[in-house]
2 protein chains.
Amino acid sequence: MKLSTKGRYAVMAMTDLAGHADRRAVSLAEIAERQQLSVAYLEQLFARMRRRGLVVSARGPGGGYRLARPAEETTIAEVVTAVDEPLRATRCGGKDGAIGCMRGGARCLTHDLWEETGRQIQDYLASVSLADVLSGHLRREPAVAA
Amino acid sequence: MKLSTKGRYAVMAMTDLAGHADRRAVSLAEIAERQQLSVAYLEQLFARMRRRGLVVSARGPGGGYRLARPAEETTIAEVVTAVDEPLRATRCGGKDGAIGCMRGGARCLTHDLWEETGRQIQDYLASVSLADVLSGHLRREPAVAA
DNA sequence: AGGAAGACCGAGTAATTTAGTCAACTATGC
DNA sequence: GCATAGTTGACTAAATTACTCGGTCTTCCT
Ligand code: FES
Ligand code: FES
């Protein structure tokens, strides 16, 4: 899994966008101002998110970005994977190129562990939407006693 | 969260150790041989794990390492945090030094999200023991319908 | 006693990744 | 037609990571 600051910034920006998108488009300059980030850097992030279909853009004066889908339907997992590219948790990446730990053809003992870990993170982030973050509604497992 | 290759190597080595420790101590040279890692690198990893009390060492000929506790009681979370040091998921690290995203005194909207994400990963890794990995017994949540 | 096995330690380096910048281009609205 | 704002791609600087090296200290065996 990645979880780099790049992904964090993307989520911050998207949350900001979700919170200030009342009908009109929001310019990167606005977001940069509010979140204390450089416009140039945000451009990079939004370019990727646009390609993934998370946001739509409008050029020219009064232009900017807006969410492609309502905040309730856009998950954190989508945002993170959009900017951080691959979500590889295993070392071999699923390929059996025998580069790393995979020798002879059998996967190493830890392979399944990392794969499952990646799935675990993915599942959690996919269960949280931008709207959840905005409202502070984070799902904490009911904690079945202890 | 970290999840670096360093942590992965540590888990590989520990799993190997757990699988080959029948009474006698296991030397790093053996592990290096089996897992295709350099002895020098393993020394680094085991030094930290020893300080955390995960393994015990014996010097001199016939010496080596062995698990401090049975494989069932040593979790992956312990191994990973031993070699990867801090498990900080948030950008601010909990401190309100106002360095990063924390401005004015209020935590940014995403703060809780990352904190919860970190907890999620931690919880999962803490639920898996070396013995589980060795036996391929990885807990997959029962998946409550869908 | 002495030599070899093997843990122990700290500094140091090389490679990779990440974060962030810049300049030039294109479309749009007034 | 000019200002606004997104689009693109290459480029650099900083940080982190992975990994090595030289040397020391202990213990066992002969
Ligand atoms: S992680 Fe895939 S074979 Fe080791
Ligand atoms: S992550 Fe802690 S304030 Fe933003």
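Throughout, protein chains are lettered first and strands after them, A, B, ... in sequence-line order, and every chain is numbered starting at 1.
The residue A:Ala58 sits close only to the backbone: its heavy atoms come under 4.0 Å of sugar-phosphate atoms, none of a base. Among the protein residues, A:Phe46 comes within range of no part of the nucleic acid, since none of its heavy atoms lies under 4.0 Å from any strand.
Rounded to whole angstrom, the span from the CD atom of A:Glu33 across to the C1' atom of D:dA5 amounts to 17 Å. One interatomic measurement links the two molecules: CG of A:Leu42 to C1' of C:dG20, which rounds to 11 Å at whole-angstrom precision. Between the CZ atom of A:Arg48 and the C1' atom of D:dG6 there is a distance of 17 Å, rounded to whole Å. Across the protein-nucleic acid pair, A:Met49 atom CE and D:dT7 atom P stand 12 Å apart, rounded to whole Å. The distance between atom CG of A:Leu28 and atom P of C:dT21, rounded to the nearest whole Å, is 14 Å. Taking atom CG of B:Leu45 as the reference point, atom P of C:dC9 lies 14 Å away to the nearest angstrom. Between the CZ atom of B:Arg8 and the P atom of D:dC19 there is a distance of 11 Å, rounded to whole Å. Nucleotide C:dG6 holds its C1' atom 13 Å from the CD1 atom of B:Ile31, rounded to whole Å.
Using cut-offs of 30° and 60° for the angle between ring planes, the B:Phe46 and B:Tyr65 rings count as tilted.
Side-chain atoms of A:Tyr41 lie closest to C:dG20 of the nucleotides C:dG20, C:dA7, C:dA4. Picking from D:dT20, C:dT18, D:dT7 the nucleotide with the shortest atom distance to the side chain of A:Tyr65 gives D:dT7. Among the nucleotides C:dA19, C:dG6, D:dT7, the one closest to any side-chain atom of A:Lys6 is C:dA19.
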Exercise. Please report the C-alpha distance between A:Leu113 and A:Glu116 in whole Å, then the side-chain angles of each, then the deciding distance to 0.1 Å, and finally whether the side-chain contact (heavy atoms from CB on, under 4.5 Å) criterion is met.
Key: CA-CA 5 Å; A:Leu113 170 68; A:Glu116 179 60 21; 5.9 Å; no

Practice problem: Run the numbers on A:Val56 and A:Arg66 for side-chain contact (heavy atoms from CB on, under 4.5 Å), then give the verdict. | Solution: CA-CA 6 Å; A:Val56 293; A:Arg66 70 189 70 200; 3.4 Å; yes

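Between the side chain of A:Arg59 and the base of D:dT7 there is no donor-acceptor pair of N/O atoms closer than 3.5 Å.
Under a 3.5 Å cut-off, the side chain of B:Thr75 and the backbone N or O of B:Glu78 do form a donor-acceptor pair. Put simply, the side chain of B:Arg48 gets close to the backbone of B:Val83: a donor and an acceptor are under 3.5 Å apart.
An OP1 or OP2 oxygen of D:dC19 is reached within less than 4.0 angstrom by no side-chain nitrogen or oxygen of B:Ser38. The phosphate of C:dC8 (OP1 or OP2) has a side-chain N or O of B:Ser57 nearer than 4.0 angstrom.
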Give each protein N/O atom lying under 3.5 Å from an N/O atom of nucleotides 8-12 of chain D, with the pair distance.
unit_1 : atom_1 : unit_2  : atom_2 : d
D:dT8  : OP2    : A:Arg50 : NH2    : 2.8

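The side-chain hydrogen bond (donor to acceptor under 3.5 Å, both in side chains) test applied to B:Glu73 returns no partner, not counting sequence neighbours. Listed by chain and number, the residues in a side-chain contact (heavy atoms from CB on, under 4.5 Å) with A:Ala32 are A:Val39, A:Leu42 (sequence neighbours excluded).
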